[in-house]
A.B. asks: 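Sharing a structure here in structure tokens format.
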Amino acid sequence: MKNVRNVIAVSGGKGGVGKSVIASTLALLLAKKHKIGLFDLDFTSPSTDLILGIKNARPIEDKGIIPPKVHGLEYMSIVYYSGDQPAPLRGADVSNALIELLAITKWENLDYLILDMPPGISDATLDLI
Ligand SMILES: Nc1ncnc2c1ncn2[C@@H]1O[C@H](COP(=O)(O)OP(=O)(O)O)[C@@H](O)[C@H]1O
Ligand SMILES: [Mg+2]
């Protein structure tokens, strides 16, 4: 995270309220003028890959994880690991998985990292904050 100047976490009290649409469109608009990363951390239902039409992108592993560039932004998602299934994790495992992904992802110099957050105000949301 040391290369990330600002973080914008797009959060909301529940699912289906527009978090992923806002996170995706915000990332695309800001990418016109700034260096942007988008990280889909909604382990219950990652969907920014569908919104942005991302199919075959994969991260590269090299002493950490290097996100692929898609539509002019660095794109990272738990969908690379969970596919289109919700991640079957509970309790501290959820927070640990999300925090580990944040810790091992190597961003280039970013003006803004936009996070599509898990729904609600759960342990996962609070631990990410
Ligand atoms: N501002 C909006 N007006 C109308 N429909 C919207 C708006 N934002 C999102 N939607 C629709 O609502 C549904 C849920 O949006 P999504 O961004 O996936 O929510 P979340 O990520 O909070 O679960 C989607 O079908 C999306 O197209
Ligand atoms: Mg969503």
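For reference, positions follow the sequence shown, starting with 1. First listed ligand is number 1; within each ligand, the first listed atom is number 1. All heavy atoms count here, side chains included; hydrogens, waters and symmetry mates do not.
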A.B. asks: Just checking: Ser20, one of its N/O/S atoms, less than 2.8 Å away from the Mg ion (ligand 2), yes or no?
C.D. replies: yes
A.B. asks: Regarding Ser20 and Ser47, is there a side-chain donor-to-acceptor distance under 3.5 Å anywhere?
C.D. replies: yes
A.B. asks: When hydrophobic residues are tied together by side-chain contacts of less than 4.5 Å, even through go-betweens, does Ile8 share a cluster with Leu29?
C.D. replies: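 Result: no, two separate clusters.
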A.B. asks: Between Leu30 and Val21, is there a shared hydrophobic cluster once you connect ILVMFWY residues whose side-chain heavy atoms come closer than 4.5 Å?
C.D. replies: no
A.B. asks: Would Lys106 and Glu61 satisfy salt bridge (charged side-chain N to carboxylate O under 4.0 Å, His left out), going step by step from the backbone distance to the final call?
C.D. replies: CA-CA 10 Å; Lys106 292 162 76 179; Glu61 292 198 37; over 6 Å; no
A.B. asks: Are Asp111 and Lys35 close enough for a salt bridge, meaning some N to O gap below 4.0 Å?
C.D. replies: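 Salt bridge: no.
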A.B. asks: Sort out the contact shell of ligand 1: every protein residue with a heavy-atom distance below 4.0 Å, listed by chain and number.
C.D. replies: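 Those residues closer than 4.0 Å to ligand 1 by some heavy atom are Gly15, Gly16, Val17, Gly18, Lys19, Ser20, Val21.
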A.B. asks: Does one hydrophobic cluster hold both Ile121 and Leu115, with members joined at side-chain heavy-atom distances below 4.5 Å?
C.D. replies: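 Different clusters: Ile121 never reaches Leu115 through Ile, Leu, Val, Met, Phe, Trp or Tyr contacts under 4.5 Å.
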